[in-house]
Protein chains: 4
Amino acid sequence: MTDMTTTADAPRSPGRPRSTRVDEAIVEATLDLLAEGSTLEALSIEAIAARAGVGKATIYRRWSGKEALIVDTLRTLKGPPPVPDTGNVRADLVILLSAVGRTPDARAASIFPCMMPMLQRDPAMHRLYQELLEPRRQVMRDVLRRGIERGELRADLDIELTLAMLTAPVLLQRLLRWHPKLDEESLPERVIDALFGGIAAD
Amino acid sequence: MTDMTTTADAPRSPGRPRSTRVDEAIVEATLDLLAEGSTLEALSIEAIAARAGVGKATIYRRWSGKEALIVDTLRTLKGPPPVPDTGNVRADLVILLSAVGRTPDARAASIFPCMMPMLQRDPAMHRLYQELLEPRRQVMRDVLRRGIERGELRADLDIELTLAMLTAPVLLQRLLRWHPKLDEESLPERVIDALFGGIAAD
Amino acid sequence: MTDMTTTADAPRSPGRPRSTRVDEAIVEATLDLLAEGSTLEALSIEAIAARAGVGKATIYRRWSGKEALIVDTLRTLKGPPPVPDTGNVRADLVILLSAVGRTPDARAASIFPCMMPMLQRDPAMHRLYQELLEPRRQVMRDVLRRGIERGELRADLDIELTLAMLTAPVLLQRLLRWHPKLDEESLPERVIDALFGGIAAD
Amino acid sequence: MTDMTTTADAPRSPGRPRSTRVDEAIVEATLDLLAEGSTLEALSIEAIAARAGVGKATIYRRWSGKEALIVDTLRTLKGPPPVPDTGNVRADLVILLSAVGRTPDARAASIFPCMMPMLQRDPAMHRLYQELLEPRRQVMRDVLRRGIERGELRADLDIELTLAMLTAPVLLQRLLRWHPKLDEESLPERVIDALFGGIAAD
DNA sequence: CGTTAATCGAGACGGTACGTCCTGTCTTCGG
DNA sequence: CCGAAGACAGGACGTACCGTCTCGATTAACG
């Protein structure tokens, strides 16, 4: 939750505490409805409340609106990123790229595209989304850095650019079947090889 | 327009013909509102009608709904793709990539992200979008093919993969400022060089 | 094309005209619900809309809120006041007082008390209510005046005071069964006689 | 209060006793809000609780709802009725009628109209209200009876009818400014004289 | 003197209704 | 037949209260 009272020192706010079961019920209901094929437009707070067996006010008490709820739902779903360290850059990257645009809970797959319109408009949303991505980027940076240290990659490799070039095609393909002729499954390996065919040292 | 009666050969239906000025006014109003920062959710038919000085029914007579109107607006804006032939692959690709995610009318920039949710859900929308992209992809394929013929690129180059790897990072960066540390302007050149540093023939 | 030739003889506003059937349905639904025993508090716009088979907006388009709707409903029910002229003051007054606090439609009986809280607070409501009463008061003034002219009543009779003294006990008794020991039916005659026993000219 | 633990004989229930300060604070808050112009509809338990600095449950522990609270508040305010005995009917009645529709605490003036809707619907409420009025009626009956004994009034005077005819106009005028042309202040005397001009013996 | 039990403020909870806004359809009139 | 205007049924919005329910913290009298 965005502003839950988690600070241990706090003397505990007065009044009845918020129910964590309710939190879960709301997020579950949201995912269910998304999975049933609603657009973000069609996904109504009213429907979520009904499905979760919860009053609307209980939702608005926790989130400022549909957008915030979606982002938080996503954060809940995105567990910690995989942290591969096979000793081989290629293998590590394959693992990471295979996780791009995916969540443990399959119902959440369709959330990403729904977020894009709001990412563009709402700076706060954009910040939240970056927060969500940053840990994953950091893992990939570490993998690349280790590759450089081991001499598998050029020392002058532009890490940020590499991140973008590896991730972007896989993500777009997964989310939108962007390029009709590309096979989604084999894409990570092919992207890596295409790029590293030229970047790999010696 | 989806079903405009402009073709001269048609037997010409009786009654007052549809005004093309109205068509333009509606598209213009749509773009204005998008430019003013509305989400697709917030962008209402009612607002478009009011802004265009047009009755709601006049819009529904032309398009089936918000989505159809958006797609058509986009089609109107996307002029023909640039067809560069400088004799040099790199120069040609820089021109093409610079046009990725861009339209003659700057107001339309924010339409792409708005479309993504519907691309994912609505197969018809997806097909329309692919139609829109295909001509641009074809141009890029031709550029690459010429590069191969001229010996600038390897003969065994995977053209479709290359398309995706060049286009995806630029598009995501333009639409969503996906990667905070990448400069949007220089990105096309850097993407090309990173990829071709390894792909270019000897 | 955009501007219409204004101020023609036609008072007719543009667009689809409001349906009178809808007006009736709303008033009917309101009366039904009141008759079913709802307090004004409990009488919800939402329930009225549902009962009338009408959208809430359709109600708000016509009335500013519950209060205005109630007053208008009342106005609809209160037909024109009886205009008795039997040639005898007492007989005329009995007729008028028998109509006090009553409506052609029995369902409306409970509206009066519901209005009192708002009459006191809202000046606009108060004005509306006085408008509603004024025609009835005028009729009674005329009756009294004719009584004076015919010599049945003193020439120095305070007409306004007489109005109040005749009407108030009957109204309160009808609406609230104010005085448990008074018979509602015979009250008009007794009130008149009590007052006129002292006021009638010798 | 409906069930306060103030009676000394009671076996005294265990646990913390209810605070009388809280009772007062709640009634005070209620009067304040009524005085500030809230309708009974608008007068919310939540607002009363907030104003009184009290939890909502603390109110519901004492009263079953808004209505019960209002009635109890009224009972608190209505002190004992004046018991005049000047030796003159007219003077006694002027004193009594001047007190009609009035309370020691001016803020309570607006409660009467608020009660009317519930008087009509809820028999229990109606009974409570009659209990509240009865002592005042009894005082007026005594006054009238003494007037008859002293020969100031006819022996065959209908006491109940006289009560109603004197009280009703003054009450309606005070609560609702029923009759716009009547002066509220002089009304008691004029009502008495109009009625007694005809009723007084010889 | 600590236990016990009902109190207190606070505020979360499932609901209902509010009054607004938009959707997609429909009438009306005038061009 | 087109087009502007706008009414219509329906449904979601986000807010405000309802009456009930936890919470931790008081606050007596009883043991």
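Numbered from 1 within each chain, the chains take letters A, B, ... in sequence-line order. Here the structure is a predicted model, which means the values were calculated and not measured.
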Counting distance alone, no hydrogens or angles: does the base of [N] have a donor or acceptor under 3.5 Å from a partner atom on the side chain of [X]?
{"X": "A:K56", "N": "E:dG14", "value": "no"}
{"X": "B:R18", "N": "F:dC2", "value": "no"}
{"X": "D:R16", "N": "E:dC8", "value": "no"}

With a 4.0 Å cut-off on heavy atoms, is [X] in touch with a base, just the backbone sugar-phosphate, or nothing at all?
{"X": "B:G65", "answer": "nothing"}
{"X": "B:A57", "answer": "base"}
{"X": "C:R62", "answer": "sugar-phosphate"}

[X]/[Y] ion pair, N-O < 4.0 Å:
{"X": "D:D23", "Y": "D:R18", "answer": "no"}
{"X": "C:E46", "Y": "C:R51", "answer": "no"}
{"X": "B:R107", "Y": "B:E36", "answer": "no"}

Send over the distance from [X] [atom1] to [N] [atom2], rounded to a whole Å.
{"X": "B:E67", "N": "E:dT23", "atom1": "CD", "atom2": "P", "value": "11 Å"}
{"X": "D:D23", "N": "E:dT7", "atom1": "CG", "atom2": "P", "value": "12 Å"}
{"X": "C:L69", "N": "E:dC18", "atom1": "CG", "atom2": "P", "value": "11 Å"}

*Between E:dC22, E:dC18, E:dG14, which one does the side chain of A:T58 approach most closely?*
E:dG14
_I want to verify a distance call: between E:dT7, E:dG14, F:dG24, whose nearest atom is closest to the D:R61 side chain?_
E:dT7
*Is any side-chain heavy atom of D:L34 less than 4.5 Å from a side-chain heavy atom of D:T73?*
no
